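Accompanying notes for the structure given below.
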Amino acid sequence: MIEELDVRPFLGAAKLLHDGALVAERYAAFGEFIETAPGIVCVSRAGTAPLVLGSTKSRWLYRPIGLSDRRPVDCPRGTVLPQVKAGGPASARSMTSAVHRTATHGCCAVAVSRIQLEGLTRRFGAVTAVDDVWLDVADREFLVLLGPSGCGKSTLLRMIAGLLPPSQGRVLLGGTDITHVPPQRRDLAMVFQSYALYPHLSVARNIGFPLRARKWSRTDIKAKVAAVAATLELTELLDRRPKELSGGQRQRVALGRALVRDPGAFLMDEPLSNLDAKLRATTRSEISELHSRLGATVVYVTHDQVEAMTMATRIALLDGGRLEQLGTPSEVYDEPASVFVARFLGSPAMNIVEATVRSACGTLAAHGPELEVPLGIDADVPERPVLLGVRPEHLTLTTADRGDLHAVVTAVENLGSEEVAHCLAGQSRVSVRGPRPLGVAVGDRVHLAAQPRYLHLFAPGSGRRLAWRPASVTAPA
Amino acid sequence: MVSGAGGTFVEVAQPRPREAGVAPASRVRLWTRLRRGAPPYLYLAPALTLLVVWTYQPLAQTFVLSFHSWNLVPSTPMVEVGTANYERLLTAPELGASVGRTAVVIAGMLPFTVLIPVVVALLAGRVRGRAQAVYRGLVFAPMLVAPVAGAAVWQWLLDPSAGAVNRVLGTGVNWLNTTGTAQLAIIVITGWHVVGFAVLVVTAGLAGINPDYAAAAQVDGASRGQVTRWVTLPLLSPTLAFLALMTVLLSAQWTFPLIDTLTQGGPAGSTTNLYYLLWEYGFRSHDAGLAAAAGVLFFVGFIVVAALLTRLAERLSHHDD
């Protein structure tokens with residue numbers, strides 16, 4: 001008789017369960033195995049069809065989840081998993097195929113934590129908080145949802161978590177539609193901005209809460225909580241109540257409560273916003289490290305561009321509930337898709353100046369009051385108005401005859417290592433950032449230049465980026 | 001020693017105010033200080049006056065009266081009797097019985113002030129929109145009915161021959177004149193009366209719980225029932241302790257108007273609780289000294305109970321921040 005283990009939370013994230021630590025050792029090099037309880041080993045996030053393998057003392061049991069054939073197949077104790085070459089997460093693909101092969105005769109599992117949002121929309125009365133967002137978060141990705149307050153990023157995260165039903169659209173986890181699955185049955189862990197630590201429970205009981213809900217035995221919970229607490233340096237604090245902890249300690253407990261379940265993906269809602277600047281910097285790198293160690297999928301909400309730039313594998317910039325741009329940190333910074341993105345990232349914000357693009361002698365240049373900037377494009381196009389953008393650090397001080405932009409300094413800020421000069425060029429405010437000292441004083445007339453590759457053009461009406469396509473005039477994206 | 005151009009390292013001094021010393025304390029005139037300090041006390045004055053006139057002064061008078069013998073007739077002088085009233089009270093057989101009945105009333109009231117309100121408030125919380133307000137309004141309505149008016153209606157409902165209760169239950173019980181059922185009837189009617197208030201208190205308590213806790217518990221995998229049992233109820237416990245405290249301290253008072261209009265402490269004293277006993281001593285037997293002694297004793301007793309319950313409530317609250 002086969003007795004099946006209670007392995008319920010498997011929406012999208014499949015796990016391999018086995019009753020020997022041996023298997024964990026064998027595959028440890030892949031970072032794929034997570035020990036969820038003594039005697040139970042899970043493999044996750046390797047790539048394809050989600051399968052689950054449960055185990056009993058004497059036999060194994062595997063069952064494909066999400067496949068049409070749901071009949072359990074048993075294989076005798078001692079079945080050895082296929083030999084897979086060690087080699088770190090990079091060989092996840094070979095692992096996947098090996099796992100896939102074995103799945104046919106019965107002992108493997110794979111987890112996929114890809115999150116897809118398809119046209120997700122949420123309205124509150126007349127207000128549209130999230131407006132038709134399409135996103136595909138790959139497995140193992142660290143996606144940051146970035147935007148100013150009120151841009152809908154937290155609403156979007158709550159819809160992924162299942163705490164808020166979408167007005168329209170679908171949420172897919174590992175290819176399975178979970179739009180109408182309640183949060184309890186989504187294999188997602190969430191870290192709240194307020195941490196939401198249960199004030200009446202000790203740190204140990206807070207961290208163990210998800211396991212208690214999954215009906216783990218007391219001893220298993222204790223062992224798992226102790227392991228998680230050790231990795232987060234919380235061992236000393238396990239008997240304390242949340243109110244007896246500092247902000248940083250609370251943050252780690254909240255993280256521990258998410259980690260303890262080995263979830264398919266982590267959702268984080270501004271987890272660092274209640275920490276002081278110094279602690280925020282260290283916690284930032286800790287979370288990044290955690291992400292690379294676990295190889296987990298993370299969707300991280302923040303309004304802090306530094307967090308986004310340093311932690312993300314990709315950034316999704318939101319404004320007014322709409323997705324403005326999706327790309328790697330350098331893509332988003334170097335080629336902002338709109339004026340909003342350009343001005344949101346970078347400090348001080350990108351300079352945006354109204355100008356007209358004109359061709360003279362076969363090359364293009366942006367013209368305006370106190371302004372004549374060559375764009376470095378050889379072409380002949382009809383005149384058109386544009387918004388010219390250039391980052392403060394890409395402007396250099398130069399002499400009058402070589403300057404593209406002429407301005408008067410109105411203020412100089414000392415940042416310690418650098419200085420920022422705020423200037424007025426015609427009617428436009430322009431700032432220049434450079435190593436200290438810049439050598440300018442308030443009231444000075446300065447001449448500024450920028451290399452053509454650092455210039456950004458945007459359409460005046462829509463604010464979208466204008467990209468140059470040879471042989472034809474660019475159109476708003 | 002080092003030769004050549006002379007020089008020495010000097011530690012940079014810490015910034016310090018140029019003129020050391022404490023700033024002289026500015027002397028403010030007495031009148032100015034008074035004028036600045038007075039407003040808070042002025043704001044408190046009306047409430048304090050009422051408290052003294054209507055609570056502390058009668059309390060002191062009761063205390064004095066408890067050592068006298070007096071029949072409430074203004075022309076009769078009060079006679080000092082020492083502790084005789086207390087001795088009589090503590091040896092009276094009806095005291096023990098009425099304490100027991102008070103305990104029964106409190107125990108009988110707890111379901112109406114704690115259990116039912118929690119269930120109703122949790123269920124009402126699941127109802128959305130305008131229906132929620134209607135639902136709560138209906139539950140709260142009995143609180144707005146004057147106790148004596150409610151008692152009159154209940155007297156009809158409980159009438160042994162034509163009452164609706166007997167007709168619905170198909171019984172012929174004389175509810176208010178049978179020793180076993182009179183107390184039950186008093187408890188149910190009082191419960192019906194205060195349940196709305198208790199629901200309101202619980203609803204306010206629930207509204208004060210950060211919704212993030214329930215959201216976190218759901219994401220953590222707790223079912224609806226588990227969220228209620230493991231998160232909501234523990235966080236609600238300070239509110240529940242407050243309601244329990246109210247019940248213990250005020251049950252006997254809440255039942256008073258009903259006892260007075262429906263049973264007058266009967267039948268055979270089966271609904272005579274502490275407060276009704278006190279009232280009987282004072283205004284039936286016109287034994288003001290004995291009634292005052294009983295009042296002082298109950299006052300002290302309830303202070304002890306209240307102190308214990310308040311400490312319990314303190315320990316239950318988690319100072320959610």
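Quick caveat, the model's predicted, so the values are computed rather than measured.
Only the side chain of A/Leu163 comes within contact range of chain B, with at least one heavy atom under 4.5 Å from a heavy atom of that chain. There is no contact between A/Leu267 and chain B, counting heavy-atom distances below 4.5 Å. Within the 4.5 angstrom heavy-atom criterion, no atom of B/Ala214 approaches chain A. Residue B/Gln218 touches chain A through both its backbone and its side chain, counting heavy-atom pairs closer than 4.5 Å.
Summarising the local packing, CZ of A/Phe124 is surrounded by more than 12 heavy atoms from other residues, nucleotides or ligands at distances under 6.0 Å. For A/Asp239, the CG atom counts as loosely surrounded, since its 6.0 Å shell holds 12 or fewer non-hydrogen atoms of other residues, nucleotides or ligands.
Considering every non-hydrogen atom in both B/Asn210 and A/Ser194, the closest pair reads ND2-OG, 4.2 Å.
When each of A/Arg158, A/Arg212, A/Met190, A/Arg257 is scored by its heavy-atom pairs under 4.5 Å with chain B, the top score falls to A/Arg212.
Separating the OH atom in A/Tyr198 from the CG atom in B/Leu235 is a distance of 10.0 Å, to the nearest 0.5 Å. Atoms CZ and CG, from A/Arg214 and B/Asp220 in turn, are 7.5 Å apart once rounded to the nearest 0.5 Å.
In this structure a side-chain-to-backbone donor-acceptor pair under 3.5 Å is present from A/Gln184 to B/Ala222. Although no hydrogens or angles enter the test, the distance criterion places a donor-acceptor pair under 3.5 Å between the side chain of A/His200 and the main chain of B/Trp230.
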* Do A/Leu197 and B/Tyr213 pass the side chain to side chain contact (heavy atoms under 4.5 Å, CB included) test, and can you show the C-alpha distance, the side-chain angles, and the key distance before you say yes or no? -> CA-CA 7 Å; A/Leu197 299 180; B/Tyr213 295 128; 5.7 Å; no
